[in-house]
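To find a chain, count down the sequence lines: A is the first, B the second, and so on, and within it residues start at 1.
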Amino acid sequence: MTEPLLDVRGVSKYFGGVHALEDVSMDLHAGEVVALAGDNGAGKSTLIKAISGVHKVDRGDILLEGKPVTYESPQQARDHGIETIYQDLALADNLSIGANIFLGREPKRKAFGFLPVLDRGLMADAAKETMRRLDFHVDRLSAPVSAFSGGQRQAVAIGRAIYWNAKILIMDEPTAALGVPEQRKVIALIKSLKEQGKGVIFISHNLGDIFAVADRIVVLRRGIKAGERKPDETTGDEIVRLMVGG
Amino acid sequence: MGPGVLSRIADLRAWIFLVLLLIFFETWANVAYGVTFIGNTYNLQSIGIFATAPLLLALGQTFVIISAGIDLSVGFTMGLAAVVSAHVANLGMSHFGLNPLLAMLLGLLSGIAVAFIPGLVNGWLIARLRVPPFIGTLGMYGIARGAAFLIAGGMTVPVSNEWFAYIGNGRIYGVPILVIIAVVVIFLMHYLLSQTKFGQHTYALGASRVAAVRSGINVGGLTMRIYLLAAVCAGLAGALYSARFTAGAAQAGEPLLLSSIAAVVIGGASLFGGSGTIAGTVAGALVIAVIEYGLVFINVEPFWQFIAVGVVIIISVLVDQSQRKLLGGRQDD
Ligand SMILES: Nc1ncnc2c1ncn2[C@@H]1O[C@H](COP(=O)(O)OP(=O)(O)O)[C@@H](O)[C@H]1O
Ligand SMILES: [Mg+2]
């Protein structure tokens, strides 16, 4: 058995008296997709925020490729190759795909041999290449991302993460706000990330999506891990039962 | 027509306004007085000089508005700078025995330097204390206003310095020096907005603060620099005002605040942030200058200019809204 990319061991997180997470463990391997399921308030968001550096855990350890890590900020988690795509995507709608991929780390070139200017050519090429890797073909590379559909925008957010060589992608309800064809496209995207050897954690309420793409399903219930199943060894009914209890 | 063509036309709306206005005044001048409006170099120079101060304010304001902010203090920052440069230029000669050229340079630089104070305070209030820009800069409007009148002793501050007068009124090959300075600043601002990380991050901040923060952009530092830039532009406008009139006045920029915001909006920027261009702002400032100068030229009651500028602002905002609905924001590239 290879070493997991990510190993969460006995993590607890409390908000005042609320036990948002209680002794939760899970792991994630390269090329694997883990679905995180659970009712509202089960602790799914808290768990991914602990992994992505937003929350510090009160107990337990998080190991990356075998080494325990503690990070002070989401930026440090990102430096370790963990990229989180929140539901709001956090794109700058007025900027192009390339400008969004490079936001905060824009490449420069010298115009007339001396004047530093933004390298829009490089940004556009990177955007095209990244979107092609995700099997999303766009030709309007200079258009603002507000001109694209929900699924395409999701692809831009994912593209930004993989361009910077994320090893672990965490997605909070990536299909929730999309129409059915776009949902399929995002599911295909997650499959292609898996083929590229990334580890993916995604939160979803949609059992169809979960069974379509997950290698394992981790179910949380009121901060406690209620169970972990492989899709071909369980049923939708069982997952729902784990989610709601009883 | 595809959305590409439509959006190009919408982007160019300020330039289209400008051309329509020039045609209007040319026709009126021809029909009513049998003279040319545009063909007269004196008119063009006057419009250029007329446009310089509001344009300088508007250039800095463009960055602020793109970042989804507003700076109400630039008018009195300009007045403060005008008064300080006049005083310092005088002191340079009377107390430090500087020659007029050095005294002029010291005066202009002091005007720009004093603008750092309101700029940094605005930035600090908005970036660090999270005061809404409208409120923070409204406070600074009052403070800069009071400071400018106090320093001026409630009067205008005359400067007798031939170099000062030369910068404000001289010409090189027939082109007013003020206009040359404005053109240099235009290119600099265009470069800053369209070709640097600073400009790119200003657009990102205006469109989505969350996106900017999550991308690791130092949003606080960025905000500080944006308000500092707006103040420095106002400082330059004030210094040049005292050169043009060889006198510093606290109320120098008072009527220009609204013109500067109007120029940016007519130029296609959205007050919601995230879009706008320097070329648009330049056209917006020229539209206002042509309306104001042209109405005087054709001898219409000057009060019509307020109505005309108001109508242009409203049309611009209506065009902007329908464009946003169709296409989302636009930016420099
Ligand atoms: N920042 C917070 N402060 C206080 N309580 C929180 C905070 N974040 C989450 N909680 C609580 O922790 C529990 C788990 O929430 P969450 O992780 O958001 O659940 P889920 O994403 O599964 O719906 C809930 O009871 C929620 O109210
Ligand atoms: Mg949640």
Undergrad: For the pair A/R78 (side chain) and B/R214 (backbone), establish whether a donor and an acceptor sit closer than 3.5 Å, ignoring hydrogens and angles.
TA: yes

Undergrad: Are the side chain of A/N94 and the backbone of B/G274 linked by a donor-acceptor contact shorter than 3.5 Å?
TA: yes

Undergrad: Name the region of A/R140, side chain, backbone, both or neither, that has any atom closer than 4.5 Å to a heavy atom of chain B.
TA: neither

Undergrad: Among B/L205, B/V210, B/T196, single out the residue with the greatest number of heavy-atom pairs under 4.5 Å to chain A.
TA: B/T196

Undergrad: Tell me whether B/F198 at atom CZ has more than 12 heavy atoms from other residues, nucleotides or ligands lying less than 6.0 Å away.
TA: yes

Undergrad: Is it the case that more than 12 heavy atoms not belonging to B/W124 sit under 6.0 Å from its CH2 atom?
TA: no

Undergrad: Might you point out which heavy atoms bring B/K197 and A/K108 nearest each other, and give the distance in Å?
TA: CG-CE, 4.1 Å

Undergrad: Does any part of the side chain of A/P144, heavy atoms only, come nearer than 4.5 Å to the side chain of B/Y203, both counted from C-beta?
TA: no

Undergrad: Given a strict heavy-atom distance threshold of 4.5 Å, which part of A/L91 is in contact with chain B: side chain, backbone, both, or neither?
TA: backbone

Undergrad: Mark yes when over 12 heavy atoms from residues, nucleotides or ligands other than A/R184 sit less than 6.0 Å from its CZ; otherwise mark no.
TA: no

Undergrad: Are A/R160 and B/S215 packed together at the side-chain level, in the sense that at least one heavy-atom pair is separated by less than 4.5 angstrom?
TA: yes

Undergrad: Mind ranking B/G206, B/S208, B/A211 by heavy-atom pairs under 4.5 Å with chain A and telling me who comes out on top?
TA: B/A211

Undergrad: List the atom of A/L95, the atom of B/A204, and the distance in Å for their closest heavy-atom pair.
TA: CD1-CB, 4.0 Å

Undergrad: How about CZ on B/F134, more than 12 heavy atoms from neighbouring residues, nucleotides or ligands closer than 6.0 Å, or not?
TA: no

Undergrad: Show the numbers, then the answer: is there a side-chain contact (heavy atoms from CB on, under 4.5 Å) between A/L115 and B/Q195?
TA: CA-CA 10 Å; A/L115 189 65; B/Q195 297 301 339; over 6 Å; no

Undergrad: Does any heavy atom of chain B fall under 4.5 Å from the side chain of A/E106, the backbone, both, or neither of them?
TA: both

